[in-house]
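These notes are about the structure you will find just below.
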Amino acid sequence: MTILFLSFFQFWPHFPIHSLETDTVSAATSKPSPSPSPSPAPAPTPTPVPDASAWSSQPSSWAAEDIQKAGSYGLTVSGLTDQYNRPITRLQFVQLVMKQYAASGGTSDGSAALKPFSDSSDKAVAAAFSLGIIHGSGDGKFNPDGKLTRQEAAVILFREWNLLSSEKNDPVIYPRVFSDSAQIADWAADSVRYMNQIGVLNGTNDGKINPTVNTTREQAMILVMRSYEAHAKLTDSVLPESEDDEEYEDD
């Protein structure tokens with residue numbers, strides 16, 4: 001009898017022991033599932049840095065004639081006759097505007113000797129600040145290497161125009177409404193409207209004024225050239241070259 005009992009258990013199948021608390025297979029008979037390998041973190045996308053090949057050594061086709069005209073008026077400064085589609089710096093634009101200011105008969109009365117900014121000792125910048133054409137970027141700085149938006153360029157040209165001209169057209173009379181007019185900052189609205197009204201700051205063929213887009217070198221030279229011509233026309237001054245009223249895609 002004993003032998004039969006032992007033989008019965010000898011051939012009984014071996015089932016796993018179950019836990020009474022969880023009704024799950026006991027750890028003594030189960031195997032842990034392997035942990036999944038973590039996915040590698042994606043590599044950060046590098047910020048593209050434009051090289052010299054991104055800038056054009058020749059003006060755009062729509063700008064070439066006006067660029068030549070600006071040169072004939074003497075409205076250019078060192079470093080602007082290359083990389084024409086590159087954004088102009090604040091320093092370069094002020095130098096350009098002050099050259100036009102002098103060509104249009106404006107005087108600075110020795111204000112260039114001042115040094116209002118800690119980050120620029122440029123005489124044109126000092127003169128422009130003294131005349132109220134520029135106000136700086138705050139904290140006693142000018143940020144000479146900073147880029148300049150189209151609406152910022154319009155503000156500087158508007159201030160200069162008010163010094164040169166006694167004509168005070170109402171900038172609220174806005175003959176053209178652009179599809180992106182809502183992007184014009186409140187502090188720049190009058191300047192953009194007025195410079196558009198006198199034909200200095202034009203828009204693009206798709207109906208935009210692009211107020212927050214950076215001003216390129218070729219655009220800046222054309223803006224200043226148009227301001228010079230507009231003032232000469234107002235004062236009946238003789239220009240060194242005949243005027244051309246052709247419209248271009250951009251400015």
Side-chain angles (χ1 to χ4, degrees), residues 49-106 108 112 117 119-129 131 133-134 136-137 142-161 163-164 191 195 199-202 204 209-232 239-241 243-244 246 248-251:
V49 178
D51 54 25
S53 63
W55 313 124
S56 175
S57 61
Q58 298 295 325
S60 301
S61 58
W62 57 266
E65 187 173 346
D66 277 355
I67 291 294
Q68 184 178 8
K69 190 184 295 185
S72 71
Y73 296 156
L75 299 177
T76 186
V77 296
S78 177
L80 291 188
T81 54
D82 191 18
Q83 300 183 342
Y84 289 93
N85 58 335
R86 184 171 185 167
I88 196 169
T89 66
R90 288 165 53 84
L91 172 61
Q92 291 168 333
F93 188 73
V94 170
Q95 290 175 335
L96 201 57
V97 168
M98 291 309 295
K99 179 161 284 193
Q100 184 250 308
Y101 177 74
S104 297
S108 57
F117 302 114
D119 57 351
S120 177
S121 58
D122 186 81
K123 292 182 179 180
V125 170
F129 175 81
L131 292 166
I133 295 175
I134 60 172
S137 59
F142 172 62
N143 188 20
D145 297 324
K147 297 175 183 178
L148 190 83
T149 64
R150 286 164 56 82
Q151 65 183 0
E152 289 172 337
V155 169
I156 292 174
L157 288 170
F158 181 57
R159 292 170 182 162
E160 182 220 12
W161 182 271
L163 292 174
L164 292 172
S191 299
M195 301 317 291
V200 173
L201 182 69
N202 296 332
T204 60
I209 195 69
N210 294 328
T212 60
V213 173
N214 290 326
T215 309
T216 65
R217 292 177 175 183
E218 61 187 2
Q219 289 173 344
M221 283 189 278
I222 292 175
L223 290 175
V224 170
M225 183 276 296
R226 288 177 180 166
S227 181
Y228 174 71
E229 287 191 340
H231 181 264
L239 296 171
E241 185 176 282
E243 297 184 39
D244 188 353
E246 182 177 357
Y248 293 95
E249 178 180 356
D250 199 356
D251 52 358

Non-hydrogen atoms of [X] and [Y] that approach each other most closely:
{"X": "V125", "Y": "V94", "answer": "CA-CG1, 4.0 Å"}
{"X": "A64", "Y": "P59", "answer": "CA-CB, 4.0 Å"}
{"X": "A103", "Y": "L75", "answer": "CB-CD2, 4.4 Å"}
{"X": "I133", "Y": "L163", "answer": "CG1-CD1, 3.7 Å"}
{"X": "A154", "Y": "L201", "answer": "CB-CD2, 4.0 Å"}

Out of curiosity, [X] [atom1] to [Y] [atom2], how far, rounded to the nearest 0.5 Å?
{"X": "S104", "Y": "Y73", "atom1": "OG", "atom2": "OH", "value": "11.0 Å"}
{"X": "L157", "Y": "E152", "atom1": "CG", "atom2": "CD", "value": "12.0 Å"}
{"X": "R159", "Y": "S191", "atom1": "CZ", "atom2": "OG", "value": "7.0 Å"}
{"X": "I67", "Y": "T76", "atom1": "CD1", "atom2": "OG1", "value": "8.0 Å"}
{"X": "I134", "Y": "R90", "atom1": "CD1", "atom2": "CZ", "value": "7.0 Å"}

Counting N and O atoms only, with roles assigned by atom type, does the side chain of S56 sit under 3.5 Å from a partner on the main chain of Q83, one being a donor and the other an acceptor?
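Between the backbone of Q83 and the side chain of S56 there is no qualifying donor-acceptor contact (under 3.5 Å).
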
Under 3.5 Å, is there a donor-acceptor pair between the side chain of E218 and the main chain of S60?
yes

Side chains of [X] and [Y]: closer than 4.5 Å at any heavy-atom pair?
{"X": "L148", "Y": "I156", "value": "yes"}
{"X": "L164", "Y": "Y101", "value": "yes"}
{"X": "Y228", "Y": "K69", "value": "no"}
{"X": "F142", "Y": "D122", "value": "no"}
{"X": "M221", "Y": "I88", "value": "no"}
{"X": "P87", "Y": "W55", "value": "yes"}

Return the set of residues passing side chain to side chain donor-acceptor pair (under 3.5 Å) with [X] (not counting sequence neighbours), or none when no residue passes.
{"X": "T89", "value": "Q92"}
{"X": "E160", "value": "Q100"}
{"X": "S137", "value": "none"}

If you apply the rule side-chain contact (heavy atoms from CB on, under 4.5 Å), what do you find for F93 with L80, and how did you get there?
CA-CA 10 Å; F93 188 73; L80 291 188; over 6 Å; no

Can you check side-chain contact (heavy atoms from CB on, under 4.5 Å) on M98 and L131, steps first, answer last?
CA-CA 10 Å; M98 291 309 295; L131 292 166; 3.8 Å; yes

With sequence neighbours left out, what residues match P211 under side-chain contact (heavy atoms from CB on, under 4.5 Å)?
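So P211 forms a side-chain contact (heavy atoms from CB on, under 4.5 Å) with Q151, D180, Q183, I184, I209.
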
Could I get the full list of side-chain contact (heavy atoms from CB on, under 4.5 Å) partners for V213, not counting sequence neighbours?
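Result, side-chain contact (heavy atoms from CB on, under 4.5 Å) vs V213: R150, N210.
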
Partners meeting ring-ring contact (aromatic ring centres under 6.0 Å, His included) with F129 (sequence neighbours left out):
F117

For N202 and R226, what are the C-alpha separation, side-chain angles and deciding distance, and is it a side-chain contact (heavy atoms from CB on, under 4.5 Å)?
CA-CA 10 Å; N202 296 332; R226 288 177 180 166; 3.2 Å; yes

Does I222 form a side-chain contact (heavy atoms from CB on, under 4.5 Å) with W62? I'd like the steps, not just the answer.
CA-CA 11 Å; I222 292 175; W62 57 266; 3.6 Å; yes

